Each structure stands twice: as structure tokens, then as C-alpha cells.
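All ligand and atom numbering here is 1-based and tracks the order in the structure. Residues take their numbers from the sequence shown, with the count starting at 1. Keep in mind that this is a model prediction, so the values were computed, not measured.
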Amino acid sequence: MIIIVRSALPGPELDGIREFVERHGLRTHVSHGTDRTVIGCVGDARAIDPHAVRTLPGVEQVIPIRKPYRLASADFVASRTLVSLGDARGTVVGGEELVIAAGPCSVEGREMLLETAAAVHASGARMLRGGAFKPRTSPWVFQGMGEEALELLAEARAATGLPVVTEVMDPRQVELVASHADVLQIGARNMQNYALLAEVGRVRRPVLLKRGLSATVSELLLAAEHVMAQGNRDVILCERGIRTYETATRNTLDVGAVAVLKLETHLPVIVDPSHAAGRADLVAPLAFAAIAAGADGLIVEVHPRPHEARSDGDQSLTLGAFDALMRDVARFAAAAGRTLGAPSPSATARSRPVSAEDAARDAALVA
Ligand code: PEP
Ligand code: MN
């Protein structure tokens, strides 16, 4: 049940409504927006008479929730969630700025990680990705460098200032990963690992929750609900392609789901075009489609020498291809009414000269 109250309702009246609801065994969550204040109520709403709530002073509307998710529902709050990455420049996901995360599928060593981190930072990425614990389909292939990779990621963050996102696969490793990473990634294969979701729900680190290979939008939102129910409201959803009968791409990017999520939830939604495509040459068009559908950011695999990559080399962009992608993304961002943070000065210095046609096209797109 959702209770909408007068926006400038005095504290004692607001508390009175909350106490009334809580006396009936429900929990309340207050969200203050510019136009309205919303009290979300979680628990068995049958225990409470909506007409009685309607008569309390300050109550404007009582809306029953029929959807299975509540904390993640757009109806439940007065404004969209902004997830703060905790870096010095104050990057938030879910606001006007598109936030791009980039980096290798797996951390494979110090040099390649630092080289990639510096390059993607220079091209305008706001977050560094890199797998330490890898969920590999086969047990006989590279499983990630583990704790050593976490230390390298922390070193790369110190060198660039980029917050770090990395996957955690096991509830027993949440504390360890959280002590090095800024954002905890839950991989597609673990989207319904409820013990893991609960564990990341108990830590104070944003969670990047990837959609399962065969999960519906509703199941993804219920997975987010598992995290949020433990107290962690900083969840970023990620569409990364789903399994369909189509084999031309590694997965099928569900662009429609991005648009649906933007309506259904207040949580930020980003897109992983790399795992959807499975091929480097399809990453850019899928990234553009994601932005057009309303994505709040992207997570892109980048490797200095994709042919040497120990995982997902086929879909990894070179440093140069990522730099070019960022320039093109800037145009789509402008067309979608979003901003893209400026590349760092070193990238501007080595940016390719803008041709007269490029400049004319930019002007037309921004106009
Ligand atoms: C990854 O990000 O490298 C990864 C394994 O992604 P997913 O869980 O979406 O397959
Ligand atoms: Mn990968």
C-alpha cells in the first residue's frame, strides 16, 4: 500500500500516519519529492483498512499495490533513486549524466589493468570494471585472479580516481570484495542466488544487479527487492541480453526491457552491450540503442589486446575502439537529453580532429 500525503505535512502528522500503519504490523518508508511525499508500506496490507487510513489528517490518497515488488516500484517513491559511487567527483548513476563503466572482462595482471584503467579514464569512463572472481561455464578455464585482482583494482582506483565494480559470487566473499570494491556486481548467473542477494543487501556498497539469462523483468525487480529488503537501497539494474532462439548474437539485448524498467522502477538501469553482442563490432550499435531506450549508463568490456584476453576477447573493444565509442556515445547522449561527462584533459589532447562534416552532424543532433 502507498499513502500519498500533503507535501509540506508537519512532522507530527506524518509520524501519526506512520505509527498508525506500523501498529498494524506493516513497515513504512517515507520518500520526500518536490511535489509529493509518499509513505510506502510493506507487509500484509490486508491487516489495515484503507478507508481508515484515508481519514487520517494529511492523507491525500491511498493506493493498493498489486505488483509483487514494492521497494523497487516506481510507485513506491516520490523521486528516482540516484546511486552515488563514492568517488571524489561525486559521480551518481540515475541522474542526467550517463555513467559509463569500462574495463577488462577479467583482471589478468597489473600492467594490463593499469594500462586499461588509464585509457578508459582518459576517454571519459566514470567507473572501472574488472572481474576478480569469474563465473565461467567450464571449470577448466581461467577462473580469475581472486584476491590479488581485488588489490590490483584498488591500485587502479588509486591511480585514476575511478570507482571500481567487480563481481562477487559467494556470500562468504562479500566482506572481502566490499573491502576493495566500490560497487558489488551480481552476475547474471547469480541473479536468483537469494543468500547472496541478502548478503549484499546488508553491506553499505551499491549493487550492480545483472539480469539473469532467462529472467523476466518482474523476476529481476524481485531480485532487487531481496537486496533492498535487507536495507541496501542502492541497486543499479543491468540489462545484459537474454537467451532466445537467436544465435547471431551471444544473447538478445532486450531493449524493450530497458524502456519497461524505466517506467516500472525508480532504480537506475544500465546496459551491458558487450555480453549481449558477444562481438566487438556489434557493441557500438547496441550501446546507442540502449541510450535511445533510456539507459542511465553502460558497462563495456575493453582490453588493450583483445586477442590475448583470457576471457571474452571476442567482445572486448580495443582502447582505441572504446575511445571512438565514447565520442559517438556523446552524440546519442545529447539526442537523448543526457549529458556525458567530459573526457579527462589527456584524452582531449589526443582526440582526433573534428572534420567539418562531423561538426555539422553534431550541430544537427544537438539542435
Ligand atoms: C561479466 O560482467 O564479465 C559477466 C560475467 O557478466 P554476466 O554475469 O552478465 O554474464
Ligand atoms: Mn565478460
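- Side chains of His29 and Arg233: a donor on one and an acceptor on the other come within 3.5 Å.
- With respect to Arg211 and Glu239, a salt bridge is recorded, a charged nitrogen being found less than 4.0 Å from a carboxylate O.
- Using modelled atom types, one finds a donor on one side chain and an acceptor on the other under 3.5 Å when comparing Ser311 with Ser106.
- A salt bridge between Arg129 and Glu301 is present, with a side-chain N of the basic residue lying under 4.0 Å from a carboxylate O of the acidic one.
- For atom 4 (C) of ligand 1, the closest non-hydrogen atom of the protein is His275 NE2, 3.4 Å.
- Of all atoms in ligand 1, listed by their number and element, those nearer than 4.0 Å to a heavy atom of Gln185 are 1 (C), 2 (O).
- No hydrogens or angles considered: a donor-acceptor pair under 3.5 Å links the side chains of Thr91 and Asp87.
- Side-chain contact, His303 with Glu108: a donor N or O sits under 3.5 Å from an acceptor N or O.
- Against a heavy-atom cut-off of under 4.0 Å, Gly187 is close to the following atoms of ligand 1: 8 (O).
- Looking at Thr28 and Glu22, their side chains do bring a donor and an acceptor atom within 3.5 Å of each other.
- Counting only heavy atoms of the protein, atom 8 (O) of ligand 1 lies nearest to Ala188 N, 2.7 Å.
- Between Asp170 and Gln173, the side chains place no donor N or O within less than 3.5 Å of an acceptor N or O (distance only, hydrogens not considered).
- At under 3.5 Å, a nitrogen or oxygen of Arg240, whether backbone or side chain, sits near a nitrogen or oxygen of ligand 1.
- Remark: ligand 1 atoms within the under-4.0 Å shell around heavy atoms of Cys105 are 3 (O).
- Heavy-atom contacts of Arg189 reach the following atoms of ligand 1: 7 (P), 8 (O), 10 (O) (cutoff under 4.0 Å).
- The environment of Arg136 atom CZ is dense: over 12 non-hydrogen atoms of other residues, nucleotides or ligands sit within 6.0 angstrom.
- Residue-ligand proximity: Gly131 is placed with every non-hydrogen atom at 4.0 Å or more from ligand 1.
- Annotation for Arg310: atom CZ does not count as buried by contact number, only 12 or fewer foreign heavy atoms lying within 6.0 Å.
- Closest heavy-atom approach to atom 3 (O) of ligand 1 among the candidates Lys134, Met169, Glu167: Lys134.
- Distance from atom 6 (O) of ligand 1 to its nearest protein heavy atom, with residue and atom name: Lys210 NZ, 3.0 Å.
- Around CZ of Arg27, the count of heavy atoms belonging to other residues, nucleotides or ligands within 6.0 Å does not exceed 12.
- Near-neighbour remark for the Mn ion (ligand 2): protein N, O or S atoms under 2.8 Å are Cys105 SG, His275 NE2, Glu301 OE2, Asp312 OD2; waters not counted.
- The shortest separation from a heavy atom of Arg129 to ligand 1 is under 4.0 Å, placing the residue in contact.
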